[in-house]
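As structure tokens, the structure follows; a few thoughts come after it.
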Amino acid sequence: MKLGSEISSAGRFVRQPNRFTARIEQGGEHPPEPGRYHLYASYACPWAHRSLIVRELLGLQDVVGVTIVDPIRDEKGWRVPGGDPVTGVEYLSELYLATDPGYEGRHTVPCVWDVTAGRLVTNDYPQITLTLESAFAPWHAEGAPDLYPSSLREEIDALNEVIFDGLNNGVYRAGFATSQGAYDEAVTAVFATLDLLEERLARRAHLHGDALTESDVRLYPTLARFDAVYHSHFKCSVRRLVDYPALWAYARRLYALPAFRDTTDFDQIKRHYFVTQRNVNPSGIVPRGPEIDWTAP
Ligand SMILES: N[C@@H](CCC(=O)N[C@@H](CS)C(=O)NCC(=O)O)C(=O)O
């Protein structure tokens, strides 16, 4: 399936549904077990970035393995340089087709492979982090944060929706729009959402108060890509992240944590978007800037 089939007649980008939505859960077909599940991710992809952050925040690196794909996607899709040590595949598409030979959607990261069953369990990115937080709780490192506390779930879910529509997916709706109207609508939502979050973060350290939660993990990958990519490539140029004092300070505070910093690769992020998304950037030229100091206090 090509991106074109996700563009509506009004020029709006309408994201494909996630095809693989099985759950890793106790008593189910895919029970949680250390070493049984393998995550496929790209440092470039914001949806995959979330799962890499959570895996590290919860100390699950020895429990759930990971393969990082090459940031440049060719016509065959995501590639594992040198071949995947777990499954032997060279392209991620092979795992999708091994699971469902009739699958015609995009072969996306993040996705989780069940090594024992030899099939993909899920490419349902919102569920992957929640699964690491819940089903894998017995293996969390001592002192790991509770990113999805039961007392806050409703609030977290509600804010996550605002963040998804306005920002995480809002920037894609702006960038992939093929009509002025669809772009205007999306870019308005992007900056209305940033304004709202700026106000919220002026009053608290994290989105739901003092403690880090799933909402922070979902917001950060979009902020990390904002000035480097979305501002120019996706035409989200009304303001930059660095123009928002509270949001910019918050983003740098998160970046100071190893789970966020170690999984943020600005070079791969830029090369992926500017080289791979030729629908937006036909020349494939990667801009040199912007110069931003993420380590500023
Ligand atoms: N699974 C979701 C989100 C994940 C997603 O879009 N990942 C992108 C990278 S950021 C991807 O893997 N794209 C592969 C492609 O477009 O062929 C979807 O299908 O929209």
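Order of listing sets the numbers, starting from 1, for every ligand and every atom in it.
- Under a 4.0 Å criterion applied to the non-hydrogen atoms of Cys45, ligand 1 contributes the atoms 7 (N), 9 (C), 10 (S).
- Every atom of ligand 1 is numbered from 1 in the order shown, and the set under 4.0 Å from a heavy atom of Asn123 is 1 (N).
- Using a 4.0 Å cut-off to heavy atoms of Tyr125, the atoms of ligand 1 that qualify are 1 (N), 2 (C), 3 (C).
- Every atom of ligand 1 with a heavy atom of Val109 under 4.0 Å away is listed here by number and element: 4 (C), 5 (C), 7 (N), 12 (O).
- For Trp78 and Tyr40, the ring centers are positioned 6.0 Å apart or more.
- Taking the six-membered ring wherever Trp is involved, the centroid distance between the rings of Tyr244 and Tyr250 does not fall below 6.0 Å.
- Classification of Asp210 and Arg204 as a salt-bridged pair fails, no side-chain N sitting under 4.0 Å from a carboxylate O.
- Counting heavy atoms closer than 4.0 Å to ligand 1, residue Arg73 contributes side-chain atoms (C-beta onward) but none from N, CA, C or O.
- In terms of polar-atom proximity, defined here as any N/O pair under 3.5 Å, Arg15 does make such a contact with ligand 1.
- Between Arg239 and Asp195 a salt bridge is recorded (basic side-chain N to carboxylate O distance below 4.0 Å).
- Any N or O atom pair closer than 3.5 Å counts here, and Trp78 shares at least one such pair with ligand 1.
- Look at Arg271 and Asp267 and you find a salt bridge, because one of the NZ, NE, NH1 or NH2 atoms lies within 4.0 Å of a carboxylate O, short of that distance.
- Under the 6.0 Å cut-off for aromatic ring centres, Phe164 and Trp47 qualify, their centroids lying closer than that.
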